[in-house]
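Report on the structure given below.
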Amino acid sequence: NIYTTSQQVPKMKISAVVLVCAGLFAAALGDYECEGKPTYKVTLDGKWTAKTTGRDYPSNAHWSPMVGASHKRKFRLFRQDKKASEGVVVVAETGNPATLLEELKANDDVGNTFVWGDGPTFPGTSNQEVMVKVSYKYRYSSAVSMVAPSPDWFIGARAQLCDRTTGKWKKQVRKRGNVWDAGSDAGPTFASEDMPEKKRQDIAKIDGDKDHVFYIEGLRRQPRQAVFIWELYKE
């Protein structure tokens, strides 16, 4: 028989053509998957001093043990204008990472967890370092630590560790450790007595709040209190 345009192309051939085209399109966009399961060193680099604080800087300023995980893209350890999980609230109010670790380990969207194991670190310029293994499936990582002392404030950041334009794991990712209010306590300053919110509030960003003790008048951008750093340690 003479082949005509009315004849059907076998479905298998169509599928193969679609897959090839999709692959070529993804390559053109630089949408590559990172291979392997590398280890990253996660550092909390404290920058908090009296000079980075508007008023009432506490003499015992410190960070609680940093806690976090590698995770899928859709997972959020915390999110502005959303309610904090009980684990994040416990970290923000007390610095204890145990409840949050339990939440993370029970979540299917989480890969590997990590926690600084040597207790709180003094002063606000101290550092903490931990290791975490990641994979393409769990190519994001997030971390939090309590601003201590405080009613319910914490620092936190999130990083994407796979460069999908090249298919290579990023050598280093640095994220500003913004200060957040967990929404569970209404205390206005570092040493406030417990003032539990009658209704749990959404997570709010403290940086730039003119009524907050961290706010410094006259600055275009408020000082960073910490930096979170993810460094490729072993591929």
Side-chain angles (χ1 to χ4, degrees), residues 32-48 62-80 82 84-92 94-121 124-148 154-180 182 203 224-235:
Y32 298 97
E33 294 186 5
C34 294
E35 298 180 351
K37 296 182 179 180
T39 298
Y40 275 82
K41 179 173 70 173
V42 188
T43 302
L44 188 170
D45 183 11
K47 306 293 185 183
W48 182 24
H62 61 282
W63 305 113
S64 72
M66 173 175 54
V67 55
S70 61
H71 54 80
K72 295 179 181 178
R73 177 183 179 182
K74 65 180 179 179
F75 176 79
R76 293 291 190 278
L77 182 55
F78 65 92
R79 200 167 196 170
Q80 187 172 3
K82 299 292 184 181
S85 72
E86 187 60 28
V88 170
V89 168
V90 172
V91 168
T94 71
N96 190 330
T99 302
L100 183 52
L101 276 175
E102 290 178 4
E103 290 179 357
L104 293 171
K105 290 177 180 178
N107 195 312
D108 292 337
D109 293 330
V110 171
N112 294 305
T113 61
F114 58 80
V115 62
W116 169 257
D118 292 336
T121 53
T125 53
S126 58
N127 289 3
Q128 299 178 17
E129 293 181 353
V130 297
M131 298 291 181
V132 63
K133 186 178 286 289
V134 304
S135 65
Y136 182 73
K137 184 178 181 180
Y138 303 110
R139 61 186 180 274
Y140 287 78
S141 182
S142 299
V144 294
S145 174
M146 177 189 182
V147 176
F154 68 97
I155 55 169
R158 165 188 167 97
Q160 213 252 92
L161 302 175
C162 171
D163 185 346
R164 298 186 66 187
T165 63
T166 63
K168 302 294 184 181
W169 292 103
K170 296 178 182 179
K171 297 296 184 182
Q172 185 183 92
V173 179
R174 300 173 67 91
K175 293 288 184 176
R176 180 186 176 100
N178 290 319
V179 183
W180 304 90
I203 294 173
R224 58 186 181 180
Q225 307 302 337
V227 176
F228 287 93
I229 306 167
W230 283 262
E231 292 181 278
L232 186 58
Y233 181 77
K234 183 180 179 182
E235 292 194 69

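Along the sequence shown, residues are numbered consecutively beginning with 1. In this text, all values refer to a predicted model and were calculated from it rather than measured experimentally.
- Applying the 6.0 Å contact sphere to CD of E35 captures no more than 12 heavy atoms from other residues, nucleotides or ligands.
- In this structure, the side chain of W63 engages the main chain of G124 through a donor-acceptor pair within 3.5 Å.
- For the atom pair NZ (K170) and CD (Q160), the distance works out to 5.0 Å, reported to the nearest 0.5 Å.
- Considering only heavy atoms from C-beta on, S145 stays 4.5 Å or farther from V91 through its side chain.
- The two residues V227 and R224 come nearest to each other via the heavy atoms CG2-NH1, 3.5 Å.
- Here the side chains of Q80 and W180 are in contact, with some heavy-atom distance below 4.5 Å.
- Between F228 and A143, the closest heavy-atom pair is CE2-CB, 3.9 Å.
- Residue R73 qualifies as open at atom CZ: its count of foreign heavy atoms under 6.0 Å is 12 or below.
- The distance from the CZ atom of R139 to the CH2 atom of W169 is 8.0 Å, given to the nearest 0.5 Å.
- Residues R158 and L77 form no side-chain contact, since every pair of their non-hydrogen atoms from C-beta on lies 4.5 Å or further apart.
- With W116 contributing its side chain and S64 its backbone, the two residues share no donor-acceptor pair below 3.5 Å.
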- prompt: Taking it one step at a time, do V147 and W48 satisfy side-chain contact (heavy atoms from CB on, under 4.5 Å)?
  reply: CA-CA 9 Å; V147 176; W48 182 24; 3.7 Å; yes
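- If you check the side chains of S126 and H62, you find no donor sitting under 3.5 Å from an acceptor.
- Annotation: side chain of F75 is in contact with side chain of L104 (closest heavy-atom distance under 4.5 Å).
- Here CD1 of I155 is found 9.0 Å from CE of M66. Values are rounded to the nearest 0.5 Å.
- Across T121 and N127, no two heavy atoms sit closer than the pair CG2-O, 4.2 Å.
- A salt bridge links E235 with K171; the closest basic N to acidic carboxylate O contact falls under 4.0 Å.
- Atom CZ of R176 is surrounded by more than 12 heavy atoms from other residues, nucleotides or ligands within 6.0 Å.
- Taking every heavy atom of both residues into account, A84 and V89 meet most closely at CB-CG2, 3.8 Å.
- To the nearest 0.5 angstrom, S141 atom OG is 11.5 Å from K175 atom NZ.
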query: Does the pair K41 and T43 meet the rule for a side-chain contact (heavy atoms from CB on, under 4.5 Å), with working shown?
result: CA-CA 6 Å; K41 179 173 70 173; T43 302; 4.1 Å; yes
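- How far OH of Y40 is from CG of L161: 5.0 Å, rounded to the nearest 0.5 Å.
- In terms of heavy atoms, V110 sits closest to T113 at CG1-CG2, 4.2 Å.
- Taking both residues in full, the closest heavy atoms of P65 and G95 are given as CD-O, 3.7 Å, listed atom of the first, atom of the second, then distance.
- Using a 4.5 Å cut-off on side-chain heavy atoms (C-beta onward), V134 and N112 make no contact.
- By the 30° and 60° cut-offs, the orientation of the rings of F154 relative to F78 is perpendicular.
- Rounding to the nearest 0.5 Å places CD1 of I229 at 8.5 Å from CD of E129.
- Residue K72 places its NZ atom among more than 12 non-hydrogen atoms of other residues, nucleotides or ligands, all under 6.0 Å distant.
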